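This one's a predicted model, so the numbers in the text were calculated from it and none came from an experiment. For reference, positions follow the sequence shown, starting with 1. In listed order, ligands and their atoms are each counted from 1.
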Amino acid sequence: MIIDIPTAGEFHAAGLKQVHLAWQIAMDSVHDHDGATYYKLADETPEEAVEEFWQRSQPALANAYSLIQQGMELALKGRIAAVSPYLLIGGPKDWPKGTATGPVSFGEFRTLDATDLIPVHNSVVASPLDEPFKTFWEQVRRDRNKIMHSSAPGTFTPEQVVKTLLTAIEALFSEVPWAQRLIELEDESKFASLGFVDNARNHVLRQIATAIRHLKPAEAKRFFGYDDDRRGYVCPHCYFASNRDWQDDWPRLAQLTTKSPGATELYCLVCEETTVTERAPCGQTECKGDVIAEGICLTCTHSQDECFDVASGLVDSTLSKADHCYDFVFGYGTAGAGGYFAGDQQTLANDADAKEHGRFAMREKHLQRWNTVSIMHVQRRNFPDLTDADRVLGHWSRNGDNLDWIDGVRADRPDMGGLSE
Ligand SMILES: [Zn+2]
Ligand SMILES: [Zn+2]
C-alpha cells in the first residue's frame, strides 16, 4: 500500500516556496549590488567594483536558478497529481519492493524525470503547456545544468534571473498576482519572526520597484502592467500600510488610469487599489507634483498641512544663517499632553519680519489645522532646547478668526511657559 501521498496543493505550495526563496536571493543580490559601488576598494573603478560584485554573487544567483527550476518541477507535478498522483511514480516495475504487502511511503518512489514532466502533463491535463513554455523550460534546465556541472559558471545577470523568475511565475503560479502573493508571504513570515517590526509592505514595494528597474519596458508591462511611458506615484494605501519610521524614498508604482490631463483615478499594481486623487499643486515649493490624496503629495509624500514654506515674500535665503535664522514651531493640542508640533527654519531680516512671516503662515488655507506658531531667533541651537544665545520672540495663537500675539512665550514647551489650555 502506498502511503503519505502528497496532494496537488502540497506540490504547488512546495514549488511556490522554492520560487519565493529564489526571488529573495535574487533581490538580496540586486539590492547589495545597488550599494556595491559605495564600498569599492581604493584602487577600483566603480565599474570594476560592480564587476567584482557580480563575480562574487554568481554562486547565489546560480542557486536562485536551481530553485526556480525545482519550483517549476514541483508545480508541474502538482498539476499532474491533480489528475492522479500515481502518474508520477512510473510503472510497477520501478516501484520499491514490498508495496503490495506493506505500507511504503510515496517519498521512497522514484518520480518522473524532469524531461518527462511536460509530455506527461500534456497527455493528461486539459490545458496543455504551449511551445514558448516548452522552449523556456528547456532553456532553464540547460542553464541550470550548466551551473551544476561547470567549474566556471556562466555569468548570470540580474536581468536574466528576474526575467526567468517572472516567466516561471507567470506560467505556473499566476492564480494570485505576484505582488499580492509577496504581501501574503511577507505577512506570514513577519508573524513567524521574533522582534516584530512590520516592514512587510516596505519590502514588497522595494522588491517590485527593483524588478521593474531590471526589466525592459515591454516586460514591465507584461508582468506587472506597469507603463514605462507614464509617471508613477506613491500609492497612499501602500504608504500608510508601510513602516514610515525609517524610509524617505518611496517607490512610485501607482499610475493614473487615463492619460487625460485632469485624470484623478490612480491604480496601484501592488495592492490593486484604485484611489480617487485630488489634482492640486503640492505645497512644497520645490516639488512639481500635483496629485494629492489622504493629505499627502503622491510625488514627494510630504504632508500637505506640514508645508510650512509659505510665500510671504519676507524670507531671504541670501541672509547669513548665523545672524538671521528663525525657528517656526507649529503646534496643535497641549504641549506635554499629546500635543503635536512640527517645525520649519527660515532666514529673515529681523524680528518684525519673522513675526509677520509667522502670521502669514497661520492665515494660509492649508495650515488651518495648526493652533499656534512659536517663533525663536536661533544661533547655537541645542535641540530641542535653546541656548543662551537664542531668543524666544513669542507665539501666535489662533483665537476664532483672529490671531493673538503672546510676547516672549513659546507654545511648544510647557517648561518654557507654554500653553496649558
Ligand atoms: Zn498600493
Ligand atoms: Zn510634493
Open item on the list: Quick check: H357 with Y326 (ring centres under 6.0 Å apart)?
Closed with: no

Task: Backbone or side-chain N/O/S of H302 under 2.8 Å of the Zn ion (ligand 2) - done: no

TODO: Mind reading off the angle at the Zn ion (ligand 1) between the SG atom of C271 and the SG atom of C268, rounded to 10°?
DONE: 100°

- [ ] Please find out if less than 6.0 Å separates the ring center of F223 from that of W178.
- [x] no

Task: Test: R398 and D404 ion pair at under 4.0 Å - done: no

Open item on the list: Using the ring centroid of each side chain, check whether F308 and F330 are separated by less than 6.0 Å.
Closed with: yes

Task: the Zn ion (ligand 1) to nearest N/O/S of C238 less than 2.8 Å - done: yes

Task: Rounded to 10 degrees, the angle SG of C282 makes with SG of C297 at the Zn ion (ligand 2) - done: 100°

